[in-house]
K.L.:
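Below: one structure in structure tokens.
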Amino acid sequence: MATREKGATSGTSGTGRNPRRLVIVESPTKARKIAPYLGRDYVVEASVGHIRDLPRGAADVPAKYKGESWARLGVDVDHDFEALYVVSPDKRAKVTELKSLLKDADELFLATDPDREGEAIAWHLLETLKPKVPVRRMVFHEITESAIRAAANDTRELDNDLVDAQETRRILDRLYGYEVSPVLWKKVMPKLSAGRVQSVATRVVVSRERDRMAFRSAEYWDILAKLDAGEKASPRTFGARLVSVDGSRVAQGRDFGADGQLKSSSVTVIDEPYARRLAEALGGVDLVVSSAESKPYTRKPYPPFMTSTLQQEAGRKLRFTSERTMRIAQRLYENGYITYMRTDSTTLSESAINAARAQATDLYGAEYVHPTPRQFTRKVKNAQEAHEAIRPAGDVFATPGQLHSSLDTDEFRLYELIWQRTVASQMADARGTTLTLRIEGTAGTGEVCTFSASGRTITFAGFLKAYVESVDELAGGQSDDAESRLPALEEGQAVTATELEPDGHTTNPPARYTEASLIKALEEMGIGRPSTYASIIKTILDRGYVYKRGSALVPAWVAFAVVGLLEAHFGRLVDYDFTAAMEDDLDKIAEGQAQRGNWLSNFYFGGDVGAEGSVARSGGLKKMVGTRLEDIDAREVNSIKLFKDDEGRDVYVRVGRFGPYLERAVKDSSDGAAPDAVVSQRANLPDELPPDELTVEYAEKLFATPQEGRVLGVDPASGNEIVAKEGRFGPYVTEILPEPEAPQEDPAKPPAKKAAKKVAGPKPRTGSLLKSMSLETITLEDALRLLTLPRVVGNDPATGEEITAQNGRYGPYLKRGTDSRSLANEEQMFTVTLDEAVQIYSQPKQRGRQASTAPPLRELGKDSATDKPMVIKDGRFGPYVTDGETNASLRKGDEVESITDARASELLADRRARGPVAKKTTKKAAAKKAPAKKAAAKKAPAKKVAAKKA
DNA sequence: CAGTGAGCGAGCTTCCGCTTGACTT
């Protein structure tokens, strides 16, 4: 492991000839671009991003560290959080290449991006390449010949504080992700994940859905008037809306809260009957303009694109997903059409500003260009601004028309968008007028009614001629070039109403997030980086936390469970300000005002509340994870309380292994049940039912619908319908028996007893699917075959007992009285003959350890620790090494044929070191919750999923 | 959420942020 020393870089060398320099940048495209600027004394090569990282999992950890308690994390938390870095497998060839290039170089220039990650990449290069020649750090913000040459002549040393800040960020993310995710595996579902970025992203989406679920809509009315201003007016007619009655403002949507109630009492809510009466009473009355207010309208152009805004606009205008936008932008970048596409800066280089202005002048005329160059310095939270804005490449922009034949459709559309936005950014403000008219009249019933109309006329389009930003269709809103013309009326002028239409409205819940609006929200919180926006969406989709419905992101129920758990037990970690606070702390580290080790220690171990950072001041993560594991009740976490039904019973969504389902406690009405006994009533939830559509009424409907599986067809023999379902023990098929004749309802006598007896009648046949089958593909034929089980093989000639073949908990087996024998495969259940069965029974029962006394796959030498001989055996979980006492599975990369004694000893030592921890916790956990059921679940074999959340 | 007879060694899942091909279809 490497430690950092100050001043790892040093001055230039002084040989006679021109020194040869190896320059390493991050991107190959960049390397190609700057090489000509530097000339032949420079060799420019790309690192292609990071070359090393923390090990991804145990398999990536070098043998030397495998036994360490911290190997799982890749960070030695007990020794100043020293990080273990490994060269990423796909970068090994790159590292070799760089090393060989370095052999011919007299000097090394680390020209990675000028931001935190770039500084870290430079340091990793230094650590990995171990150059013997002088090393300099070269930084540039602009790729022009002069900027590159200047950068090569004005190098600096590596900024170790900045590298520290990056490493702190990296380690924090690792500790967060790799400590909290396992909590979810144990409490919710395996393979789930938590992380600083994805968990907040998920929380944001869930939180919006909760708002939608809690939302109560309100109804309100007003009157839409069509007014005539006389034949001289232009336009002659226009629309206006009733805004006040007798001086009291008429309620609008924004006057209502999410609960459907008025937020303030100073407004008047008009209901339908009143709106109709009023419209009637206003018929034919004199209307007069009571005020006409005109204001100038100006609009500045939008800043040039950065990654987030490009993704948002491409999403809205072109309906591209973030991923698609980035894929196309990457191609445009690589082929030299646009500048770098992963940026958080809106800055344009001087030459780009000139190019945009020249093009705007050409196309629209000088008056459409802003008098002075515009620079947009609006800073994004935590922006690092290592690159320019996204714009057409070069000192002269190619017009979309010029590129039409060299780009494909998607590329063209995206280029055009970027080009328009860039050119528009240097154009003049749009100017116009907004006019607000108020029109008054007294209704026949005496009320003084005021109507209002507002219009916008654009007198000078300016930049709007080139580019108008789209508005989010889910959120509503008005675009900047929307015009509505009103006649230029003055106070006192008379108008007449040609139509008075009562108009009803309802308030709407807040819109769901789209990819674009979620990225925008995250960006505003300073969460995520341009290079990760698209992958954040992918992560929460892949984990099943959200799914898409059109362009909307809908949270799955499992996201409610996960977010609920995190909020309740790891609140600080999903706090919206957590990342912002972290960034402040990282800045302090980068400035040398805080220490990486202290900060991480406070974050991980907690301890004294020092000056080392606000994020860290939340109690130690390690302890939190430890205590939470015992505190968190999995059943509670996975029960999402929805509402009370009509009888006051709580209705829950339970997140189970086979998907979410509805549940409530109802009175047990079965035969012989105690009067106050309660049973769970459950109902399946349709796939991808958006949570806010699950209303009380809909829940009742689901409870009333019998649960059904996929109908496969009708059994020709019995006439019964055959269905395939997912059950507690995995997928199975069963038959639907015809309904017993409905008992005659006798209101005087409850028919409970009779009905119960009928239900307990003949049981439907069932059969688990074979391993080779799946619910999606199983056919009626398969199902009928399964329902023939158990199959009578015959009677044992010796004892006369019946032998049957059937499928059980542990797979296929033969049964004769209470004596059983496993079958080798599932097919034998259908094919085994009586002779073969008798033969199998003639063998003693293989049980326990005897069953697994197969010959070892390979014999090894003696264990270095216990001096016992070691052998490799094949077990249920694959090959493992054993010394007769300790067993340890071979890991990824270990081969039965080639494993050495030393490695085998290491595995055994590792296993011993770990101790029987896992077993202890399972037992404890099992004992803690519903004892009876847990015991059964524990016994279930691994492949049949344990019903851990009953 | 169907319901049926044993007892054996776990190991893996997971984070965020930097970059492109090399694969497959």
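Within every chain, numbering begins at 1; the chains are lettered A, B, ... in the order of the sequence lines, protein sequences first and strands thereafter. For the numbers below, each heavy atom of this structure counts, side chains included, while hydrogens, waters and symmetry mates do not.
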K.L.:
Rounded to whole Å, please give me the gap between CD in A:Glu826 and P in B:dT4.
P.N.:
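Atom-to-atom, A:Glu826 to B:dT4, this comes out as 18 Å.
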
K.L.:
Output the rounded distance in Å from NZ (A:Lys815) to C1' (B:dG3).
P.N.:
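Roughly 11 Å, once rounded to whole Å.
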
K.L.:
Figure out the CG/P separation between A:Asp819 and B:dA6, and round it to whole Å.
P.N.:
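Rounding to the nearest Å, CG of A:Asp819 and P of B:dA6 are 10 Å apart.
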
K.L.:
Output one letter per nucleotide in nucleotides 15-22 of chain B: B when a protein non-hydrogen atom lies under 4.0 Å from the base, S when only the sugar-phosphate is that close, - when neither is.
P.N.:
BBBBBS--

K.L.:
Scan A:Pro182 against the nucleic acid and name what it touches under 4.0 Å (heavy atoms): base, sugar-phosphate only, or nothing.
P.N.:
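Since a base atom lies under 4.0 Å of A:Pro182, the category is base.
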
K.L.:
Donor-acceptor pair, distance only, cut-off 3.5 Å: does the side chain of A:Glu735 make one with the backbone of A:Arg765?
P.N.:
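Checked: pair present.
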
K.L.:
Is the shortest distance from a Lys or Arg side-chain nitrogen in A:Arg628 or A:Glu179 to a carboxylate oxygen in the other one below 4.0 Å?
P.N.:
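No.
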
K.L.:
Salt bridge check, A:Lys868 against A:Glu885: does any charged N sit closer than 4.0 Å to a carboxylate O?
P.N.:
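Result for this pair is yes, salt bridge flagged.
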
K.L.:
Measure the CG-CD1 distance between A:Asp90 and A:Ile51 for me, rounded to the nearest 0.5 Å.
P.N.:
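One gets 11.5 Å once the value is rounded to the nearest 0.5 Å.
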
K.L.:
Using the criterion of both pairing distances under 3.5 Å for Watson-Crick and G-U wobble pairs, give all stems of 3 or more consecutive pairs involving DNA chain B.
P.N.:
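Output for stems: empty, none.
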
K.L.:
What is the distance, rounded to the nearest whole Å, between atom CE of A:Met189 and atom C1' of B:dT14?
P.N.:
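Computing the A:Met189:CE to B:dT14:C1' distance gives 15 Å.
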
K.L.:
In whole Å, I'd like the distance from the CG atom of A:Leu787 to the C1' atom of B:dG3.
P.N.:
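Value for this atom pair: 14 Å.
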
K.L.:
Is a side-chain donor or acceptor of A:Glu802 paired with a backbone partner of A:Val792 at a separation under 3.5 angstrom?
P.N.:
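Side chain of A:Glu802 to backbone of A:Val792: no pair is present.
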
K.L.:
Just the rounded figure in Å: distance from P of B:dT14 to CG of A:Leu629.
P.N.:
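Atom-to-atom, A:Leu629 to B:dT14, this comes out as 18 Å.
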
K.L.:
With side-chain contact (heavy atoms from CB on, under 4.5 Å) as the criterion, how do A:Lys725 and A:Thr734 come out once you've worked through the C-alpha distance, each side chain's angles and the decisive distance to 0.1 Å?
P.N.:
CA-CA 8 Å; A:Lys725 298 170 146 184; A:Thr734 186; 4.2 Å; yes

K.L.:
So does A:Met870 get a backbone contact from the side chain of A:Asp863, meaning a donor-acceptor N/O pair under 3.5 Å?
P.N.:
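Checking the backbone N and O of A:Met870 against the side chain of A:Asp863, no donor-acceptor pair under 3.5 Å is found.
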
K.L.:
Cation over ring, A:Arg654 on A:Tyr652, under 6.0 Å and within 45°?
P.N.:
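Not flagged: A:Arg654 not positioned over aromatic ring of A:Tyr652.
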
K.L.:
Determine if A:Tyr880 stacks with B:dA10; use a centre-to-centre distance below 5.5 Å and an interplanar angle below 30° as the criteria.
P.N.:
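No, the aromatic ring of A:Tyr880 does not stack with the base.
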
K.L.:
For A:Val197, enumerate each residue passing the side chain to side chain contact (heavy atoms under 4.5 Å, CB included) test, keeping only those at least two apart in sequence or located in another chain.
P.N.:
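With sequence neighbours excluded, A:Val197 shows a side chain to side chain contact (heavy atoms under 4.5 Å, CB included) to A:Ile527, A:Ile536, given in chain and number order.
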
K.L.:
A:Asn720 has an atom CG; how far is it from atom C1' of B:dA2, in whole Å?
P.N.:
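Taking CG of A:Asn720 and C1' of B:dA2, I get 16 Å after rounding.
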
K.L.:
Please state how far atom CG in A:Leu908 lies from atom P in B:dA10, giving the value in whole angstrom units.
P.N.:
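Value for this atom pair: 12 Å.
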
K.L.:
Quick one: the side chain of A:Ser822 and the base of B:dA6, do they pair up donor-acceptor inside 3.5 Å?
P.N.:
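In this structure, the two groups form a donor-acceptor pair.
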
